[in-house]
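Comments concern the structure below.
Order of the sequence lines fixes the chain letters, A, B, ..., with proteins taken first and strands second; residue numbering starts at 1 for each chain.
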Amino acid sequence: MATDSYKNMYLLLSIYYDRDSNRAALKFYDIEKGKIKIIKDNTGHKPYLLSDLSIEELINNQDIVKHKGFDHFEIVTKYDPLTDKKVKLTKVVARDPLSIGGVRNSIRELLKKHSWEARIKYHHCYTYDRGLIPGMLYRIENGDIKLVEYSPEKSVVEKISLVYKNEPDLIDEIKEWIKLFQTPVPDIRRIALDIEVYSPQVDRIPNPKEAKHPIIAVSLYSSDGIRKVLMLKRKNFDESELVDIDSFDIQIFESEKDLILETIKYLNEYPLVLTFNGDNFDLLYIRTRALKIGINEDLVPIEFSRDMEEARLKNTIHIDLYKFFNNRSMRIYAFGNRYQGGKTLDEISRALLGEGKVEHETPISQMTYGELALYSFRDAELTYKLTEFDDNLFIRLVLLLMRISKLSIDDLTRHNISAWIKSLMYFEHRKIGYLIPNPDELIRFKGKTTTKALIKGKKYLGAIVIDPVPGIFTNVTVVDFASLYPSVIKKWNLSYETVNCVHPECRKNRIPGTSHWVCTKRKGLTSKLIGFLRDLRVYIYKPLAKKELKPELRHQYKAVERALKVFINASYGVFGAETFPLYCPPVAECTAALGRYAIASTLKQTSELKIPVLYGDTDSLFLWNPEPEKIEMLIKWVADNLSIDLEIDKVYKWLALSERKKNYIGVYTDGEVDIKGLVGKKRNTPEFIKSLFYDIVSILQKAENIEDLEKAIEEIKILTRENYNKLKRKELSLDQLVFHVALSKPLSSYTKTTPQHVKAARQLEKLGKTIDVGDIITYVKVRSQDGVKAVQLARIDEIDQEKYVEHLKTTLVQILEALGISFDEILGSRHLEKFISGLV
DNA sequence: ACGAGTAAAAT
DNA sequence: ATTTTACT
């Protein structure tokens with residue numbers, strides 16, 4: 001792989017509908033020049049929809065032929081995955097992207113029954129029809145756009161040929177996938193931007209749709225060395241406030257118009273413009289304000305989508321990091337869930353970069369020029385650094401996710417996993433001539449679920465959680481299935497078209513635990529794709545990410561491995577989500593059922609092998625003191641009988657299980673602690689209880705064996721008493737007693753009950769504070785009618801101590817119950833009782 | 001705007 | 001008993 005030279009290469013970043021020319025357009029990144037190159041469609045490509053009405057039927061309906069946007073009909077043949085039949089369809093071709101909507105509307109009534117592929121976004125369709133893959137490298141010669149081919153390394157091809165030796169017809173296809181991952185990922189020149197706005201009301205964020213007040217600062221931080229704050233000169237300007245700042249440049253503007261015009265230069269200059277919440281604030285504000293103060297619209301390169309959700313730049317590309325870093329998949333898989341809960345730039349950058357925003361008490365509008373410059377600059381700096389940390393992980397990840405999903409950079413960074421998988425699936429459908437089913441047709445053919453969920457309101461039965469054996473155990477080995485659900489999807493040929501297929505002879509191929517069956521004649525599309533991605537991750541890129549010596553390549557493989565994980569792990573969930581256009585509950589239900597089947601049969605085998613099982617959840621089994629040979633036998637049995645990889649996940653020096661599921665504490669052989677589910681760990685727990693909890697944990701951490709644990713308990717007892725007394729003597733500050741709870745819906749929609757955090761939020765609202773969905777409400781428990789007060793309104797002497805003692809107790813009982821039980825055996829049960837009663 | 005299962009507190 | 005949140 002040649003990573004040293006990108007000569008004459010262009011990176012495809014975006015495919016979009018260009019409003020000015022009413023055609024599709026492509027945004028490439030010219031790697032050598034560090035600039036965007038825009039190419040407008042010159043192929044005369046026309047949008048279309050597919051209908052199973054015949055040409056005669058359509059002609060009889062004169063509305064369509066008379067419609068001025070209509071161009072012509074074509075006949076196409078497709079494979080219908082729902083009926084397993086070839087079908088002839090009429091392709092209704094429109095004149096241009098603008099008229100496709102009108103053409104569709106002219107036969108809307110007919111299409112409700114018969115249409116297929118009528119609701120698909122034009123630029124997605126264009127992406128496939130032109131055979132272009134966003135995120136890949138191209139050469140542009142005489143108007144021709146040619147993919148730069150990187151052949152996979154020989155060792156990689158050999159390995160994958162070995163893995164697929166029983167399915168040789170799939171080898172060519174998987175080699176195409178390898179090209180996506182072997183093509184190098186170039187760095188992209190980019191600039192982060194953040195604005196500050198004057199506001200006469202201290203607590204109000206200015207409304208960007210009105211933009212009543214001036215922009216007073218624009219901070220910029222770029223990959224090629226721009227470190228700058230543009231500032232508006234207001235009254236009382238004092239240059240001396242700025243003399244000490246030497247880590248970045250400050251440029252003072254006499255007029256706001258000049259300041260905005262200078263900002264616009266950067267928006268046109270840099271290929272990628274990064275913001276944090278620019279879709280909803282910064283870019284919207286700049287545009288509104290620019291027009292308001294009389295800048296000609298032609299000079300403003302900021303455009304909005306019709307729903308006002310997306311701020312696009314005419315000549316370059318805008319990425320809103322707020323959306324991307326708050327994407328669930330990104331948070332969980334790519335970034336190891338290191339910033340759970342937080343959504344703000346401050347919280348996210350603290351978690352990922354270890355530094356947060358500049359703390360300030362003075363409202364922005366009252367800051368000195370020096371304070372404002374420092375504050376504003378840090379925001380742009382953090383925004384940029386979110387794309388730079390971990391050796392440009394962000395850029396690598398985004399480009400690889402684009403290659404897998406076939407989405408443009410602006411679509412990818414703004415949409416969630418279901419849109420990514422939808423785009424991937426649609427692309428594959430087109431590639432192999434499959435008709436894309438309409439969601440209502442899909443449900444009609446595949447039916448509903450047949451099992452009953454344990455949780456009210458859920459659609460089908462999920463995973464098994466084995467009742468834990470309470471007590472303390474030394475030497476516990478945890479085995480788990482390597483990506484259980486994706487493995488099951490691959491192994492059992494699960495896909496929306498293969499589950500409950502039309503062939504009578506497949507009906508006997510039952511899925512255990514359900515009334516569904518799966519096709520024996522055709523390979524399922526989802527099964528094939530998820531199988532590819534899984535195999536590439538497990539057999540190729542996970543090993544390469546570890547052993548590759550060249551840092552550049554190693555970083556790329558690491559990003560490949562993580563990007564694959566994102567898709568693989570979400571592949572099951574989307575089929576059970578109504579919002580997914582290939583929603584197919586039987587697929588999700590079969591996946592979960594086969595997961596249960598896998599763990600249940602493995603459990604049976606452990607008892608054959610006489611390995612004691614202490615606990616298990618979904619895809620894991622906790623084995624007590626297992627002999628290594630027996631684990632080997634178990635792993636072999638699973639491989640032979642279930643064709644799933646069972647792996648040793650972790651080994652505990654000791655593990656304390658309570659009676660509660662998903663609730664335990666253990667110490668690994670390397671001394672690291674593992675805590676699951678205990679309230680002491682949870683985000684909403686007050687700091688004072690949390691810190692006591694962690695102090696106790698670190699005492700336990702030192703214990704090597706059961707005897708040590710006994711001594712540890714004594715220490716814990718003393719520590720707990722101390723803290724209890726602190727509470728009673730009111731030696732704690734309000735801050736340490738705060739509960740943090742997120743508001744999951746708008747305040748007005750809490751109608752059934754009024755939880756405590758809602759009470760506190762309403763108190764704040766009364767004082768004129770705006771409260772939004774997702775806000776973390778901080779409150780303390782007090783002795784009053786409501787029982788709670790927002791922390792801002794409370795005094796230390798109002799605190800309801802009893803409530804806190806209760807909370808302290810439940811937190812500690814979770815640990816002690818587990819420890820106590822084995823204590824019962826050693827010291828008798830009085831010990832624990834005395835310990836707990838001593839607390840209250 | 002990705003699934004189901006579990007725990008705990010307040011109402 | 002139900003609602004709500006946090007977590008696996």
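Rounded to whole Å, atom P of dT5(C) lies 13 Å from atom CG of Asp775(A). When the P atom of dA7(B) is taken as reference, atom CG of Asn684(A) falls 17 Å away, rounded to whole Å. If you take CD1 of Ile417(A) and C1' of dG3(B), they are 13 Å apart, rounded to a whole angstrom. Atom CD1 in Ile464(A) sits roughly 11 Å away from atom P in dT6(B) (whole-Å rounding). Atoms CD1 (Ile599(A)) and C1' (dA4(B)) sit 14 Å apart, rounded to a whole Å. Rounded to a whole Å, the CG atom of Leu678(A) is 17 Å from the P atom of dT6(B). The interatomic distance linking Glu310(A) (CD) with dA1(B) (C1') rounds to 16 Å, in whole Å. Summarising the geometry, the separation between CG on Asp467(A) and C1' on dG5(B) is reported as 13 Å, rounded to the nearest angstrom.
Taking every side-chain heavy atom of Asp617(A) into account, dT8(C) is the closest of dA1(B), dT8(C), dG3(B). Of the candidates dA7(B), dA6(C), dG3(B), dA7(B) carries the atom nearest the Asn663(A) side chain, counting heavy atoms from C-beta on. For Arg660(A), the side-chain atoms get nearest to dA7(B) when compared with the rest of dA7(B), dG3(B), dA10(B). For Asn416(A), taking side-chain heavy atoms from C-beta onward, the closest of the listed nucleotides dA1(B), dT5(C), dT6(B) is dA1(B). Checked against dT3(C), dT6(B), dA4(B), the side chain of Lys456(A) finds its nearest nucleotide in dT3(C). When distances are taken from the side chain of Lys781(A) to each of dG5(B), dA7(B), dA10(B), the shortest belongs to dA10(B).
Of the N and O atoms on the side chains of His123(A) and Asp411(A), at least one donor lies less than 3.5 Å from an acceptor on the other residue. Using modelled atom types, one finds no donor on one side chain facing an acceptor on the other under 3.5 Å when comparing Asp410(A) with Tyr16(A).
Note on Asp617(A) versus Lys662(A): salt bridge recorded, some NZ/NE/NH1/NH2 to OD/OE distance being below 4.0 Å. Residues Arg783(A) and Glu798(A) are not paired through a salt bridge, judged by the lack of any N-O separation under 4.0 Å between the basic side chain and the carboxylate. Arg350(A) has a carboxylate O that lies under 4.0 Å from a charged side-chain N of Asp346(A), or vice versa, which qualifies the two as a salt bridge. Taking 4.0 Å as the cut-off between side-chain N and carboxylate O, Asp320(A) and Arg414(A) do not count as a salt-bridged pair. Remark: Glu765(A) does not engage Arg762(A) in a salt bridge, criterion side-chain N to carboxylate O under 4.0 Å. The pair Lys781(A)-Glu802(A) fails the salt-bridge criterion, with no side-chain N (NZ, NE, NH1 or NH2) lying under 4.0 Å from an Asp/Glu carboxylate O.
At the heavy-atom level, Phe580(A) lies nowhere under 4.0 Å from the strands shown. Note on Ala592(A): nothing from the nucleic acid sits closer than 4.0 angstrom, heavy atoms only. Residue contacts shown for Leu454(A) are limited to sugar-phosphate atoms, with no base heavy atom under 4.0 Å away. As judged by a 4.0 angstrom heavy-atom cut-off over every strand, Gly576(A) is placed among residues touching the sugar-phosphate backbone only. At a threshold of 4.0 angstrom between heavy atoms, the contacts of Ala588(A) with the nucleic acid are absent. Here Thr591(A) lies out of heavy-atom contact (under 4.0 Å) with every strand.
Thr618(A) has no side-chain polar atom (N or O) that falls below the 4.0 Å cut-off from OP1 or OP2 of dG5(B). In this structure, Lys682(A) does not reach the dA8(B) phosphate: none of its side-chain N or O atoms is under 4.0 Å from OP1 or OP2.
At a non-hydrogen distance threshold of 4.0 Å, Ser744(A), Lys745(A), Tyr750(A), Lys752(A), Thr753(A), Pro755(A), His757(A) from residues 743-763 of chain A come into contact with DNA chain C.
Comparing Asp786(A) and Gly462(A) along DNA chain B, the residue whose closest nucleotide (by nearest heavy atom) sits nearer the 5' end is Gly462(A).
Residue side chain Lys662(A) does not reach the base of dT6(B) through any donor-acceptor N/O pair under 3.5 Å, judged by distance alone.
Relative to the ring axis of Tyr750(A), Lys745(A) places its NZ or CZ within 45° and under 6.0 Å from the centre.
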